[in-house]
Protein chains: 2
Amino acid sequence: MVTIKDVAKKAGVSISTVSRVINNSKPVSNEIRQRVLKVIKETGYVPNPLARSLVTKKSQLIGVIVPDISDFFMGELLNGIEEVGKIYDYDILLCNSYGEPDEELKYINLLKSKQVAGIIFVSWKMEKRHVEAIESGNIPAVYISKNAKDFDIYSVSIDNFKASYEMTKYLIENGHKKIAFIKSSVQDSIMDSDRFKGYKKALEENNIKLEETLIKEGDSTSESGHYLMNEIFEFKNIPDAVFAANDEVAVGVINCILDNGYKVPEDISVAGFNDIKLASLYRPSLTTIKQPIYDMGAVSIRMIVKMINEEEIGDKNIYLPYKLIERQSVSKK
Amino acid sequence: MVTIKDVAKKAGVSISTVSRVINNSKPVSNEIRQRVLKVIKETGYVPNPLARSLVTKKSQLIGVIVPDISDFFMGELLNGIEEVGKIYDYDILLCNSYGEPDEELKYINLLKSKQVAGIIFVSWKMEKRHVEAIESGNIPAVYISKNAKDFDIYSVSIDNFKASYEMTKYLIENGHKKIAFIKSSVQDSIMDSDRFKGYKKALEENNIKLEETLIKEGDSTSESGHYLMNEIFEFKNIPDAVFAANDEVAVGVINCILDNGYKVPEDISVAGFNDIKLASLYRPSLTTIKQPIYDMGAVSIRMIVKMINEEEIGDKNIYLPYKLIERQSVSKK
DNA sequence: TTGTACGCGTTATCAC
DNA sequence: GTGATAACGCGTACAA
């Protein structure tokens with residue numbers, strides 16, 4: 001491996017000079033600059049990021065902690081993070097926490113010891129100790145989590161309350177009165193409450209009373225959706241629409257409805273949340289709330305970069321626009 | 001940040017001694033060991049991985065280059081890599097190449113300069129220059145690619161020829177004679193040939209002649225599947241079954257068939273390849289070849305670790321077992 | 001068994 | 001504008 005020393009020697013200058021040309025840190029006479037550049041090209045010299053980080057105390061690594069890599073949501077999010085990160089020359093150190101708080105904490109400390117330039121923390125549900133661990137490191141961080149707004153931190157999300165309210169209203173306006181709501185309990189947090197609150201408000205405004213037997217909660221998998229929908233069927237209190245906490249759950253719900261001999265959306269309508277790739281692929285295609293997942297990733301890392309460069313950031317909590325996507329899974333009036 | 005020096009001073013020993021206890025590299029008297037350990041605990045000292053890598057020339061980082069993070073396949077693969085990596089204390093440096101050869105090459109060099117302990121290179125289609133770039137670095141590497149076996153390298157895959165042969169045979173045995181085949185051209189490589197060859201052999205054995213108008217190729221997205229299936233429809237030479245290069249394509253194919261007013265599998269059967277999560281979620285659920293994606297990731301990183309530790313590895317090319325999964329998208333006799 | 005001193009490849013602080 | 005040289009935090013021959 002060719003080092004700065006080799007380049008210096010071959011160019012007949014000191015390593016300081018070489019350092020200056022590669023970093024543009026101080027003026028160097030044009031003649032020497034060209035000579036050094038030439039040698040660099042010839043030798044194929046690449047600065048050692050490790051040595052560099054060791055002295056500057058900064059790496060070009062952004063640590064990203066996610067609860068589940070194979071979750072459709074994370075893939076798109078990571079895409080956004082990666083793509084924008086590349087623009088600013090940052091690489092991604094990926095950590096899969098399996099949504100376990102202890103793992104999350106372990107990774108936070110690991111990332112700190114690796115002196116990452118920033119952390120993007122994606123979590124189903126954050127705890128105080130996580131925030132404290134990150135913030136104490138004095139390292140730029142952005143949070144993507146259902147309950148991020150409980151803390152005084154930088155976060156990226158959408159307005160879940162409003163989105164949920166709109167979707168519920170949409171269902172009602174299209175003639176649905178008996179609307180089941182399925183939330184994911186791993187997210188028995190503010191944000192789920194937000195979505196639930198939006199649902200509740202829409203019902204209230206339309207004088208529809210909440211039915212306990214139509215409110216279910218499980219985790220955020222399709223299996224869970226299938227299971228919970230079955231419970232609803234067993235109760236014989238059949239809804240004419242189901243609003244699921246996320247698209248995977250929604251698909252599980254639809255499959256269950258189909259398995260029970262009903263049709264979607266003719267007999268029962270189903271709405272999802274997130275608009276992951278699956279939502280448009282699945283048939284019937286899912287009416288859902290489109291979260292700008294890719295953008296959320298992109299914005300997160302952009303914020304980190306700004307923090308690193310000490311640029312001005314507006315609000316600590318960024319709310320991105322969402323959109324109600326009408327597809328086939330909800331029948332229209 | 002507390003360093004090895006601080007620990008040494010506080011414990012009243014030299015830094016070498018501290019280094020020895022944390023690395024177990026040389027004998028240290030029990031008394032001193034305990035004292036050092038105690039100080040480490042008290043101070044919460046964590047060795048700086050950067051400084052460590054700088055001197056040992058080895059990091060605890062495994063670089064993973066994938067062509068598309070949001071691809072369902074990659075998510076599951078990364079899961080396997082991450083989980084096993086964690087066991088051996090390796091972290092994942094994630095690179096998204098977008099399947100572009102130049103990007104791939106750039107990342108390979110980046111990873112080398114970061115002195116990663118190993119590289120897992122996932123690619124739609126590898127070129128000689130990629131292999132050369134990696135192998136010249138003398139760094140452990142495992143390849144997951146359609147055409148990995150063209151090179152003398154470590155790779156993990158399944159026997160695509162046999163799998164494809166079996167699926168085609170299965171279709172034929174269930175009464176299908178006009179079987180379309182859709183490959184993904186980004187993979188116009190050996191492996192696709194392998195799958196294509198398997199398809200061809202099965203047809204030959206059953207005296208079915210190959211029909212050019214039923215062979216299509218595009219990329220590996222559902223959009224591509226939809227588009228190609230449309231082309232087949234336009235040709236008015238309707239098949240009674242379609243064998244798609246992968247599940248996403250298969251879903252696109254089915255959606256197209258549905259859009260054209262046909263039923264799956266009653267009118268046309270569709271088989272996929274890979275068995276990603278989507279395959280069982282989608283309705284009709286996909287009959288497909290189950291690749292052990294998670295295991296492929298797990299095995300890959302396990303191989304890397306073995307290479308790092310200079311343990312014995314058996315074959316250079318690992319073939320994992322696959323399985324034909326019967327679901328709803330193919331009608332049975 | 002323990003400590004000293006050097007080197008890993010860079011950047012940064014001085015002098016010149 | 002340029003060049004020594006001290007750091008960064010750690011591992012490890014070499015001495016003791």
Side-chain angles (χ1 to χ4, degrees), chain A residues 1-37 39-40 43-61 89 109-110 112-117 137 139 308, chain B residues 1-37 39-40 43-61 89 109-117 137 139:
Chain A
M1 197 90 278
V2 33
T3 75
I4 197 173
K5 251 185 213 161
D6 305 324
V7 176
K9 194 184 294 175
K10 197 159 181 189
V13 296
S14 74
I15 58 170
S16 329
T17 305
V18 178
S19 176
R20 275 163 200 145
V21 335
I22 54 185
N23 293 310
N24 269 317
S25 44
K26 292 224 172 173
V28 174
S29 77
N30 219 311
E31 185 208 356
I32 292 196
R33 153 166 278 117
Q34 295 310 325
R35 191 154 32 130
V36 172
L37 250 26
V39 174
I40 290 182
T43 56
Y45 164 70
V46 181
N48 184 326
L50 260 46
R52 198 174 240 174
S53 303
L54 186 58
V55 36
T56 61
K57 306 233 177 252
K58 282 189 179 156
S59 70
Q60 288 299 115
L61 241 43
D89 213 29
N109 289 321
L110 177 78
K112 276 161 69 176
S113 82
K114 285 215 187 280
Q115 305 190 162
V116 294
I139 147 174
I308 293 172
Chain B
M1 197 89 281
V2 33
T3 76
I4 196 173
K5 246 186 215 158
D6 305 324
V7 176
K9 193 184 292 174
K10 197 157 182 192
V13 297
S14 75
I15 61 167
S16 344
T17 306
V18 177
S19 174
R20 276 162 200 145
V21 335
I22 54 184
N23 293 311
N24 270 318
S25 45
K26 292 228 172 169
V28 175
S29 77
N30 219 310
E31 185 208 354
I32 293 195
R33 153 166 278 118
Q34 295 311 324
R35 189 151 37 124
V36 172
L37 251 24
V39 175
I40 290 182
T43 56
Y45 164 70
V46 181
N48 183 326
L50 259 47
R52 200 175 236 173
S53 304
L54 186 58
V55 36
T56 61
K57 308 235 178 246
K58 282 189 180 159
S59 69
Q60 289 298 115
L61 241 43
D89 212 29
N109 289 322
L110 178 79
L111 292 179
K112 276 161 68 176
S113 82
K114 285 215 187 278
Q115 304 189 161
V116 295
I139 148 175

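Here is the naming used below: chain letters follow the sequence lines, and residue numbers restart at 1 for every chain.
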For [X], which contact category applies under a 4.0 Å heavy-atom criterion: base, sugar-phosphate, or nothing?
{"X": "B:S29", "result": "sugar-phosphate"}
{"X": "A:S16", "result": "base"}
{"X": "B:L50", "result": "nothing"}
{"X": "A:P49", "result": "nothing"}
{"X": "A:V46", "result": "sugar-phosphate"}
{"X": "B:T3", "result": "sugar-phosphate"}

Mind calculating the distance between [atom1] ([X]) and [atom2] ([N]) to the nearest angstrom?
{"X": "B:N24", "N": "D:dG11", "atom1": "CG", "atom2": "C1'", "answer": "14 Å"}
{"X": "B:I22", "N": "D:dT12", "atom1": "CD1", "atom2": "P", "answer": "11 Å"}
{"X": "A:L54", "N": "D:dA7", "atom1": "CG", "atom2": "C1'", "answer": "9 Å"}

Between B:K26 and B:A51, name the one whose nearest nucleotide on DNA chain D is closer to the 5' end.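 Going by which nucleotide is closer to the 5' end, it is B:A51.
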With nearest nucleotide decided by heavy atoms, which residue, A:P27 or B:T56, maps closer to the 5′ end of DNA chain D? A:P27
Mapping B:V28 and A:M1 to their closest nucleotides on DNA chain C, which lands nearer the 5' end?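 Looking at DNA chain C, the more 5' nearest nucleotide goes with B:V28.
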Start at the 5' end of DNA chain C and walk down; is the nucleotide closest to B:I15 or to B:Q115 reached first?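 Whichever sits nearer the 5' end wins; that is B:I15.
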With heavy atoms of chain A within less than 4.0 Å as the criterion, where does contact along DNA chain C begin and end?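 It runs C:dC8 to C:dT13.
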Is there a side-chain contact (heavy atoms from CB on, under 4.5 Å) between A:V13 and A:I32 once you walk through the steps? CA-CA 8 Å; A:V13 296; A:I32 292 196; 3.8 Å; yes
Check whether the side chain of A:R20 and the base of D:dG3 form a donor-acceptor pair under 3.5 Å. yes
Think [X] has a side-chain N or O under 4.0 angstrom from the OP1 or OP2 of [N]?
{"X": "B:R52", "N": "D:dG9", "answer": "no"}
{"X": "A:K57", "N": "D:dG9", "answer": "yes"}
{"X": "B:N48", "N": "D:dC8", "answer": "no"}

If you measure only the distance, is there a donor-acceptor pair under 3.5 Å linking the side chains of B:S19 and B:S16?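 The criterion, which ignores hydrogens and geometry beyond distance, is not satisfied for B:S16 and B:S19.
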Testing the basics here: between [X] and [Y], what is the closest heavy-atom pair and its distance to 0.1 Å?
{"X": "A:L50", "Y": "B:S53", "result": "CD2-CB, 3.2 Å"}
{"X": "A:D6", "Y": "A:M1", "result": "OD2-O, 4.0 Å"}
{"X": "A:V28", "Y": "A:R33", "result": "O-NH1, 3.5 Å"}
{"X": "A:A117", "Y": "A:S59", "result": "CB-O, 3.2 Å"}

Nearest-0.5 Å distance that lies between atom OG1 in A:T17 and atom CD1 in A:I22: 11.0 Å
